[in-house]
J.: 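Pasting in a structure now, in structure tokens, and then I'll have a few things to ask.
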Amino acid sequence: MKKWLFAVAALVAAIVLLLAVLKTEAQVSAVTKGRATNAVSGSVTVQAEFQMELKSEIVLARERAALAEREKAAYQHAQETVSRASEKSSLQLETRMSAVLER
């Protein structure tokens with residue numbers, strides 16, 4: 001039993017050591033003007049950790065303008081509603097006063 005446990009532990013240690021050695025990290029150095037030495041072609045694949053929506057200033061400006069237009073329309077609608085309610089109240093008041101004066 002101890003031999004199996006030792007074998008499994010050695011296998012796990014070997015896998016961890018192998019993964020640590022084969023870890024893919026890019027080595028970056030400063031770029032200088034001049035002749036290329038030790039140039040190696042290659043490709044880089046970048047994987048995002050999370051998704052993010054990117055918007056340009058133009059898109060944001062359009063969204064702000066559209067929001068301002070909607071707010072303006074809502075404000076005008078509210079003003080019209082208040083105006084109509086005020087006119088209706090005035091008309092009702094005038095009708096009641098006429099009825100009282102006729103008595």
Side-chain angles (χ1 to χ4, degrees):
M1 179 72 177
K2 289 183 180 181
K3 289 182 181 179
W4 282 100
L5 186 59
F6 180 74
V8 171
L11 182 63
V12 170
I15 291 173
V16 169
L17 181 63
L18 183 66
L19 290 175
V21 170
L22 296 179
K23 189 174 182 180
T24 55
E25 287 186 11
Q27 294 181 354
V28 181
S29 61
V31 176
T32 58
K33 186 175 180 179
R35 183 173 212 152
T37 57
N38 296 330
V40 178
S41 62
S43 62
V44 176
T45 303
V46 178
Q47 295 180 349
E49 292 181 16
F50 56 90
Q51 242 180 343
M52 177 189 294
E53 185 177 349
L54 299 177
K55 294 184 179 182
S56 68
E57 285 296 321
I58 295 170
V59 172
L60 292 174
R62 286 181 185 160
E63 288 178 354
R64 282 192 294 267
L67 178 61
E69 285 295 320
R70 287 193 301 270
E71 287 176 349
K72 182 179 176 183
Y75 179 73
Q76 288 174 345
H77 178 71
Q79 280 185 323
E80 291 169 2
T81 303
V82 168
S83 177
R84 276 182 284 194
S86 177
E87 289 173 4
K88 186 176 180 182
S89 294
S90 295
L91 183 61
Q92 288 175 349
L93 183 60
E94 287 176 15
T95 305
R96 287 181 187 160
M97 288 187 70
S98 296
V100 169
L101 290 175
E102 288 178 0
R103 289 184 193 171

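From a predicted model like this one, the values you see are computed outputs, not experimental measurements.
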J.: In Å and rounded to the nearest 0.5 Å, what is the CD to NZ distance from E69 to K72?
T.: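 With rounding to 0.5 Å, CD (E69) is 5.5 Å from NZ (K72).
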J.: Is the count of non-hydrogen atoms from other residues, nucleotides or ligands lying under 6.0 Å from L19 atom CG greater than 12?
T.: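 Atom CG in L19 is packed in, count exceeds 12.
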J.: Could you tell me whether the side chain of S89 and the main chain of A85 form a donor-acceptor pair under 3.5 Å?
T.: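 Answer holds: yes.
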J.: State the OG-NZ distance between S83 and K88, to the nearest 0.5 angstrom.
T.: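 The OG atom of S83 sits 13.5 Å away from the NZ atom of K88.
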J.: After noting the C-alpha distance and the side-chain angles of Y75 and Q79, does the key distance pass the side-chain hydrogen bond (donor to acceptor under 3.5 Å, both in side chains) rule?
T.: CA-CA 6 Å; Y75 179 73; Q79 280 185 323; 3.0 Å; yes
J.: Do L67 and R70 have side chains that approach each other closer than 4.5 Å (heavy atoms only, starting at C-beta)?
T.: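 Counting from C-beta outward, L67 and R70 do come under 4.5 Å.
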J.: Enter the distance from R64:CZ to E57:CD here, rounded to the nearest 0.5 Å.
T.: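 Rounded to the nearest 0.5 Å, the CZ-CD separation comes out at 6.0 Å.
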J.: Do the side chains of M52 and F50 get nearer than 4.5 Å, heavy atoms only?
T.: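 The answer is yes, as the side chains (C-beta and beyond) meet within the 4.5 Å cut-off.
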